[in-house]
Chemist: 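Quick one: the structure is below, and I'll ask about it shortly.
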Amino acid sequence: MKLKVCVIGGAGYIGSHAVYELIRDGHEVVVIDNLSTGSRNMIHKDAKFYYGDITNKQDLKNIFNIECSVKPFDVIMHFAAKLIVPESVDKPLEYYYNNVEGVRIMLEVMTDFNIKNVVFSSTAAVYGEPVNSVCSETDITCPINPYGETKLASEKLIKWVCKKYNMNYCIFRYFNVAGADKSLEIGLNKDNLTHIVPITVQTALGIRKSMDVYGNDYDTSDGTCIRDYIHVSDLADAHVLGAKYLVENNKSLLVNLGSNKGYSVLEIIKEVEKHYPVNYKITDRRKGDPAKLIASNEKAKEILGWSPKRDLSEIINSDIEYRKKIMNKS
Ligand code: UDP
């Protein structure tokens with residue numbers, strides 16, 4: 001089955017990886033992006049690119065007019081969100097506008113053009129402080145920051161609109177995403193990185209002198225926080241499966257994308273140290289970090305036949321190789 005997929009936010013980290021896997025699987029891809037955090041050179045050469053802002057209805061309408069007159073989109077994928085937790089606390093109005101109003105406009109245009117299927121990137125942040133250390137989709141949702149709230153609000157908006165207009169959604173709740181595509185053409189390349197994997201790798205490669213481990217007094221095996229790490233290409237594979245599921249089954253789904261397994265911050269550092277030494281110090285806890293966050297992926301396995309294929313060593317290796325490549329370029 002060859003689908004025509006519109007990827008909104010396809011020039012960003014996760015969106016660009018989804019585009020790569022869609023193209024490898026033989027689908028036609030149209031990318032819409034405002035290039036606010038993504039970049040033109042993250043877009044696969046075989047994807048068609050339109051500059052456009054999801055909060056500007058006219059932008060979307062113009063593009064849908066051109067594309068849907070040739071062949072309507074089978075599926076829309078949404079990645080065009082702001083996603084930095086502390087920034088969301090500082091700029092709640094901006095986050096609600098971009099993340100929720102953007103989704104509302106996208107849905108309005110989808111209904112105008114009678115497009116039936118949407119794949120939406122949500123987050124583990126919708127669970128807030130998890131009640132259970134292994135989260136399942138039926139757990140209570142109670143976000144503790146505006147970022148998580150905007151994603152939960154978008155999920156709900158999507159559900160109501162799909163119900164009213166007979167559409168289908170595939171909502172993915174991501175856990176900790178890291179790594180880079182095997183081509184090393186794309187990866188996580190931003191100025192202000194905050195995530196543990198790229199920070200540890202940058203420290204190992206000497207891009208940073210040292211790094212902080214935020215607390216070693218948590219109730220975990222070594223005292224540092226435990227997270228569920230997933231390779232960005234596994235996540236991208238899930239998006240391809242999700243798109244096909246919607247078209248084949250004409251049914252909605254909401255699933256976690258994780259690995260059922262957790263690693264502590266010190267275990268991440270140890271994995272990187274198999275390649276290069278890492279200079280780190282233990283500091284105070286970072287605000288808002290739950291001790292342990294792991295996703296049950298039973299539902300993704302059962303419905304989509306998806307489970308991660310790439311392990312922690314592959315996540316770390318690919319990030320190291322990608323970062324070495326971009327270092328040599330600059
Ligand atoms: N972390 C750390 N040092 C850093 C960045 C992150 O110790 O420089 C810890 C952070 O406190 C958390 C874990 O690594 O326990 C994962 O954090 P990250 O920001 O990568 O993802 P999050 O789980 O917050 O989405």
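Numbering of ligands and ligand atoms starts at 1, following listing order.
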Chemist: Is K270 salt-bridged to E267, cutoff N-O under 4.0 Å?
Modeler: no

Chemist: Can you tell me which residue and heavy atom of the protein come closest to atom 3 (N) of ligand 1, and the distance to 0.1 Å?
Modeler: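 Of the protein heavy atoms, D212 O, 2.7 Å lies nearest.
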
Chemist: Closer than 4.0 Å to some heavy atom of V213 - which atoms of ligand 1 meet that?
Modeler: 7 (O)

Chemist: Return the minimal non-hydrogen interatomic distance between P308 and I230, and the atom names on each side.
Modeler: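 That closest heavy-atom pairing would be CG-CD1, 4.4 Å.
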
Chemist: Can you list the ligand 1 atoms lying under 4.0 Å from a non-hydrogen atom of I199?
Modeler: 8 (O)

Chemist: State whether the number of non-hydrogen atoms from other residues, nucleotides or ligands found under 6.0 Å of D284 atom CG is greater than 12.
Modeler: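 Open: at most 12 neighbouring heavy atoms sit under 6.0 Å from CG of D284.
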
Chemist: Please work out, at 4.0 Å between heavy atoms, whether the side chain, the backbone, both, or neither of T224 comes within that distance of ligand 1.
Modeler: neither

Chemist: Got a salt bridge between R286 and D212, using NZ or NE/NH1/NH2 to carboxylate O under 4.0 Å?
Modeler: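 Looking at D212 together with R286, the answer is no, because their closest N to O distance does not fall below 4.0 Å.
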
Chemist: Measure from atom 14 (O) of ligand 1 to every heavy atom in V85, T283, T220, V265 and give the option owning the shortest one.
Modeler: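 Comparing heavy atoms across V85, T283, T220, V265, the nearest one to atom 14 (O) of ligand 1 lies in V265.
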
Chemist: Suppose we measure from atom 25 (O) of ligand 1 to each protein heavy atom; which comes out shortest, and what is that distance?
Modeler: N176 ND2, 3.8 Å

Chemist: Which atoms of ligand 1 have any heavy atom of H195 under 4.0 Å away?
Modeler: 18 (P), 19 (O), 20 (O), 21 (O)

Chemist: Of all heavy-atom pairs between K151 and S121, which one has the smallest distance, and what is that distance?
Modeler: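 Looks like NZ-O, 2.8 Å.
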
Chemist: Please determine if R24 and D181 form a salt bridge, counting it only when a charged side-chain N lies under 4.0 Å from a carboxylate O.
Modeler: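 Salt bridge between R24 and D181, a charged N being under 4.0 Å from a carboxylate O: yes.
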
Chemist: If you count every heavy atom of other residues, nucleotides or ligands that lies below 6.0 Å from K292 atom NZ, does the total exceed 12?
Modeler: no

Chemist: Determine, for Y127 and R173, whether the Lys NZ or Arg CZ falls below 6.0 Å from the six-membered ring centre while staying within 45 degrees of the axis.
Modeler: yes

Chemist: Nearest to atom 12 (C) of ligand 1, what protein heavy atom do you find, and at what distance?
Modeler: D289 OD2, 3.8 Å

Chemist: Which option, T194, I282, L266, owns the non-hydrogen atom nearest atom 5 (C) of ligand 1?
Modeler: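 Result: the heavy atom closest to atom 5 (C) of ligand 1 is in T194.
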
Chemist: Any idea which of Y218, Y214, Y263, Y147 brings a heavy atom closest to atom 2 (C) of ligand 1?
Modeler: Y214

Chemist: What protein heavy atom is closest to atom 20 (O) of ligand 1, reported as residue, atom name and distance in Å?
Modeler: I196 N, 2.8 Å

Chemist: Which protein heavy atom lies closest to atom 15 (O) of ligand 1, and at what distance to 0.1 Å?
Modeler: C225 CB, 3.0 Å

Chemist: Between the side chains of R285 and D289, is the shortest nitrogen-to-carboxylate-oxygen separation below 4.0 Å, so that they form an ion pair?
Modeler: no

Chemist: What protein heavy atom sits nearest atom 17 (O) of ligand 1, and how far off is it?
Modeler: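 Closest protein heavy atom to atom 17 (O) of ligand 1: R286 NH2, 3.4 Å.
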
Chemist: Among protein heavy atoms, which lies nearest atom 23 (O) of ligand 1, and at what distance?
Modeler: R227 NE, 2.7 Å

